[in-house]
Each structure stands twice: as C-alpha cells, then as structure tokens.
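Please read all numbers here as calculations on a predicted model, not as lab measurements.
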Amino acid sequence: MSRPEFSEAATANPKQATTEAEAQMARAKERAASFLFGAQKLMLEECVILGNEFLDRTQPKCTSLRNLPRNWPARIPSGT
C-alpha cells in the first residue's frame, strides 16, 4: 500500500522530499558507521585480552623451562 502523506509530500515539493531522503540516508550511514566502529573496537579489546591471557599462561612455563638446565645435574641419578 502506498502512504498518501508521503506521495502528497513528494508531489507538493519534490526538492524538500529529496532533501529529507538525503538526510535520512546520512543518518542511516552514520549509525551504520558507528555500529561498525563499535564492533571493531570490541574485537580489538578481545584480541588484547586474549594476548594478555596467552602471555599470563605461558610465562610460568617459560620460567620453568629456563630453570631446567640448572636442575639437570640434581635430577640425573649417579650410577656410581
């Protein structure tokens, strides 16, 4: 169904209708850009959190591997 108020507004002043349509399109584009920027920011924050968790979990393992050569003589049983 057609909306009579819209068609009447378009026939009454087509330049004003075009301006209103352009304004609506600009607001829609602004909202879409804001949404995409927010989603990108959220993904960046999640990557930072993931990187921090990765470093937090691997750092103790690297420390124990670094100390491993110092502990080898104590762990090797003497055959004599």
Side-chain angles (χ1 to χ4, degrees):
M1 292 197 148
S2 76
R3 296 173 48 190
E5 63 275 357
F6 182 73
S7 62
E8 288 171 6
T11 56
N13 191 355
K15 190 171 188 169
Q16 182 182 5
T18 304
T19 305
E20 288 176 14
E22 288 174 354
Q24 286 179 352
M25 184 60 76
R27 286 192 302 269
K29 286 180 180 180
E30 184 178 343
R31 286 192 303 265
S34 177
F35 173 77
L36 289 175
F37 179 71
Q40 186 179 23
K41 183 179 175 185
L42 180 67
M43 291 299 294
L44 178 62
E45 290 173 358
E46 290 296 321
C47 287
V48 168
I49 291 170
L50 179 65
N52 288 338
E53 285 294 320
F54 178 75
L55 289 175
D56 288 344
R57 292 179 185 203
T58 57
Q59 190 174 9
K61 293 179 181 179
C62 290
T63 304
S64 63
L65 289 175
R66 193 174 333 137
N67 293 332
L68 188 62
R70 288 184 223 149
N71 297 334
W72 278 350
R75 292 184 182 198
I76 298 174
S78 59
T80 57

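- Identified under the salt bridge (charged side-chain N to carboxylate O under 4.0 Å, His left out) test for residues 24-39, with sequence neighbours left out: none.
- Here Glu45 pairs with Lys41, Leu42 under the side-chain contact (heavy atoms from CB on, under 4.5 Å) rule; sequence neighbours left out.
- The hydrophobic cluster of Met43 has no other members, since no ILVMFWY side-chain heavy atom comes under 4.5 Å of it.
- Among pairs with a residue in residues 46-56, those fulfilling salt bridge (charged side-chain N to carboxylate O under 4.0 Å, His left out) read Glu53-Arg57, at least two apart in sequence or across chains.
- At a cut-off of 3.5 Å, with distance as the only test, no side-chain donor of Gln24 or Glu20 sits close to an acceptor on the other residue.
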